[in-house]
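Both counts, for ligands and for their atoms, begin at 1 and track the order of listing.
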Amino acid sequence: MINALDKKKRNLDLPNTNVEERINARTVSRGLAIGKIVCLHGRKRQFYRVEITDLQIERELERFRHAARLAVNQLKKIGAQKNDKIKRTKADIFSAHLLILEDELLRSKIENVIEEKKVNAEWAVKIVTEEYIAKYKTISDAHLRERYIDLEDVAERILTALGGEKSSIALEKNSIIVAKEVRPSTLIELIESQPQAIITENGGWTSHTFILAREMNLPALTGAKRILRQVENGDQAIVDGFNGQIILHPHKNTLADYKKAAEEFYQFQGGAMDAASGKLTTLDGSEIIIRANLDLPKGYAAARKLGAKGVGLYRSEFLFNQYKGFPGEPEQVEAYRRIAELVGTDGVRIRTFDLSVEQLADETEEREKNPALGLRAIRLGFSHPKEFRLQLRALLRAATIGNIHVVLPMVSDVLEIRQTKTILKREKDSLRRKKIECGAVRLGAMIEVPSAIFTIDEIVAEVDFLCLGTNDLVQYLLAVDRDNELVADWFRTLHPSVLRAVKTVLQAAEKKGVPVIVCGEMAGSPAYVPVLLGLGANEISMNANSIARVRKVISEIALEEARELVKILEDCRTADEVEYAAAKFYREKWSHLFPKDVFPPKRKYKI
Ligand code: PEP
Ligand code: MG
């Protein structure tokens with residue numbers, strides 16, 4: 001971790017020519033970065049423009065040819081499927097796509113761009129297909145004009161195929177990524193190049209991309225409207241993830257100020273890394289257990305150093321991103337064993353794949369209208385029984401040292417837990433019959449949808465533990481898309497309904513002695529943690545970068561005070577009232593911990 005911080009300090013000396021400009025945006029991951037803008041393009045597969053050298057041209061041409069061959073094979077395979085699923089019209093679409101893909105003129109134009117403009121294959125595909133699309137759009141015949149959609153699909157298919165293998169071209173070391181949205185899979189792909197920061201137009205605080213950014217210590221801002229129209233590749237910028245500002249073309253004095261601030265910030269972070277160990281208690285002696293949320297296992301070492309006891313939530317679907325599809329059984333066994341060994345007796349709560357059908361689907365498949373309410377998480381598991389069984393089998397095989405706990409995402413009915421138990425038993429019996437070594441797992445459920453709150457007693461009776469996912473809980477309770485910047489003002493973590501739901505779960509579990517780990521982003525936020533403690537939480541899980549700040553708050557407040565705070569909040573009738581009352585309480589009791597107002601007023605709408 002310290003290494004990563006050191007690396008972030010590099011490349012601060014950059015020339016400056018333009019006029020300084022400041023753009024406001026919302027901080028979703030704190031920190032400071034100074035670097036050069038790299039704009040991301042593309043939908044499912046995101047990419048950026050890279051200039052290549054003469055020596056790289058041949059390799060880039062080969063990447064393109066390979067991707068085109070792959071795309072052709074995929075289309076032929078789909079076209080050859082003789083079942084009713086592929087209806088006539090769909091088959092016609094695939095043949096049209098095949099014709100486009102096999103068009104020599106299109107291919108040679110793309111190859112020419114790679115050679116002459118010396119750019120990466122992705123960029124060449126983009127500019128050539130965009131040129132074609134622009135021409136199609138001017139055709140007067142409506143039927144022909146619509147063909148541009150086929151071209152868009154074909155371009156996306158080639159771009160996806162280009163993503164199937166690792167590009168040899170990495171981001172420049174001081175890159176600040178700018179995009180409409182950044183997909184989590186894109187960020188995973190870019191991690192090795194160590195980008196400095198992310199700026200997006202869209203995406204909420206709890207979206208997976210930003211959860212990952214916080215885990216990676218990567219400053220991130222969102223809600224930067226039309227940012228892609230305001231910047232160009234190579235523009236110098238500062239990302240101020242403390243004050244929610246992007247400073248484009250910074251003046252040399254601004255740059256000097258920020259360089260100093262960045263040094264101080266990283267020194268402070270480095271200090272905080274060494275600070276934590278031992279039991280964490282509130283001022284009045286109640287022990288609070290902190291665990292780590294992990295998407296990438298390599299983050300655990302830093303989390304443990306900061307005082308994390310095991311992993312409260314391991315999002316296994318990140319393996320899916322890494323393997324660009326369902327990983328095989330040996331790969332999963334290996335991945336789960338590796339993490340189980342790292343955490344030792346503190347244990348790891350591994351969540352089965354929390355994927356949406358869109359992540360599995362082909363670009364040309366019809367999209368779900370409401371993916372958050374669609375075929376995802378445990379539902380996707382049941383609808384892909386082979387893959388679900390395989391994952392459970394891999395978990396059982398990895399559980400030989402007995403510290404693996406399995407969590408089911410998005411449980412909405414206790415029957416889903418019972419059915420999973422049956423599958424687990426069958427898989428275990430079958431492994432034993434085959435004399436394959438396996439262990440026992442404890443089974444838990446994510447509590448994150450309203451139906452689980454209302455049936456919490458039934459769920460508690462079936463599980464060994466619970467993970468309370470506040471990100472989705474807020475999303476589903478308030479019917480507010482956690483990924484949609486437009487409704488960010490409606491994402492109210494302290495809404496009275498959320499407080500009541502959290503309390504209901506904690507009380508029901510306590511009655512039966514079932515542990516609850518609160519593991520949404522609420523648990524990693526120093527401002528919300530006192531509320532969780534007051535509601536009865538004693539196990540919270542968060543990304544490594546939040547641990548130091550959360551530990552500080554917990555060790556400097558009394559549980560009694562937190563309970564007093566919650567008593568006040570429970571009398572409030574709206575989210576505004578709760579936030580106002582909480583801010584007042586913090587000002588009066590804990591101003592040393594919260595020098596700034598913690599819950600700034602939300603945007604007001606004229607009524
Ligand atoms: C949650 O929903 O709060 C949670 C922890 O899971 P995720 O953010 O992965 O949906
Ligand atoms: Mg969730």
Side-chain angles (χ1 to χ4, degrees), residues 28-29 183-185 187-188 203-216 220 290-296 299 303 308 311-321 348-356 358-359 371-381 405-412 416 444-453 465-484 491-495 497-499 501-502 505-506 516-525 528-529 531-532 535 537 539-544 546 550:
V28 275
S29 177
R183 300 176 73 97
S185 53
L187 193 52
I188 298 252
W205 177 56
T206 60
S207 75
H208 281 127
T209 301
F210 298 131
I211 289 176
L212 199 57
R214 290 191 285 277
E215 186 175 326
M216 289 162 56
I290 289 195
R291 304 194 193 275
N293 282 356
L294 277 196
D295 303 321
L296 309 164
V311 173
L313 175 66
Y314 175 62
R315 293 180 169 99
S316 72
E317 60 274 14
F318 279 84
L319 288 174
F320 186 91
N321 290 330
V348 53
R349 286 94 197 138
I350 300 180
R351 183 171 72 187
T352 57
F353 295 133
D354 190 353
L355 292 165
S356 68
E358 188 219 354
Q359 286 164 280
L373 306 180
L375 188 58
R376 51 163 293 199
I378 184 84
R379 300 168 188 177
L380 191 91
H405 312 251
V406 177
V407 197
L408 304 176
M410 212 184 160
V411 166
S412 60
E416 291 154 352
M446 292 291 300
I447 301 300
E448 48 189 355
V449 302
S451 62
I453 307 291
F465 67 99
L466 295 174
C467 285
L468 188 56
T470 57
N471 306 333
D472 277 321
L473 186 62
V474 176
Q475 158 162 274
Y476 293 123
L477 269 179
L478 305 184
V480 57
D481 181 351
R482 61 191 268 192
D483 286 331
N484 184 347
F491 193 95
R492 305 297 290 270
T493 304
L494 292 186
H495 192 283
S497 63
V498 177
L499 302 187
V502 171
V505 174
L506 292 169
V516 182
I517 304 166
V518 187
C519 57
E521 293 307 287
M522 188 179 183
S525 159
Y528 294 131
V529 162
V531 180
L532 287 174
L535 285 167
E539 278 192 52
I540 50 180
S541 191
M542 65 203 69
N543 75 64
S546 304
V550 168

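Side chains of T352 and V406 form a contact here, defined as non-hydrogen atoms less than 4.5 Å apart.
Within the 3.5 Å criterion, the main-chain N or O of D354 finds a donor-acceptor partner in the side chain of E317. In terms of modelled atom types and a separation under 3.5 Å, the side chain of S525 and the main chain of M522 share no donor-acceptor contact. E448 contributes no side-chain N or O that, together with a main-chain N or O of D472, makes up a donor-acceptor pair within less than 3.5 Å. With S412 contributing its side chain and S451 its backbone, the two residues share no donor-acceptor pair below 3.5 Å. Listed for the N293 side chain is a donor-acceptor partner under 3.5 Å among the backbone atoms of C519.
Residues passing the side chain to side chain contact (heavy atoms under 4.5 Å, CB included) test with T206, sequence neighbours excluded: N471, R482, F491, E521. In this structure, the ring-ring contact (aromatic ring centres under 6.0 Å, His included) partners of F465, at least two apart in sequence or on a different chain, are H405.
Protein residues with a heavy atom under 4.0 Å from ligand 1 are H208, I211, L313, R315, R351, M446, E448, G469, T470, N471, D472, R482, C519, G520.
The nearest pair of heavy atoms linking V516 to E539 is O-CB, 3.4 Å.
Within a radius of less than 2.8 Å around the Mg ion (ligand 2), the protein N, O or S atoms are E448 OE1, D472 OD2.
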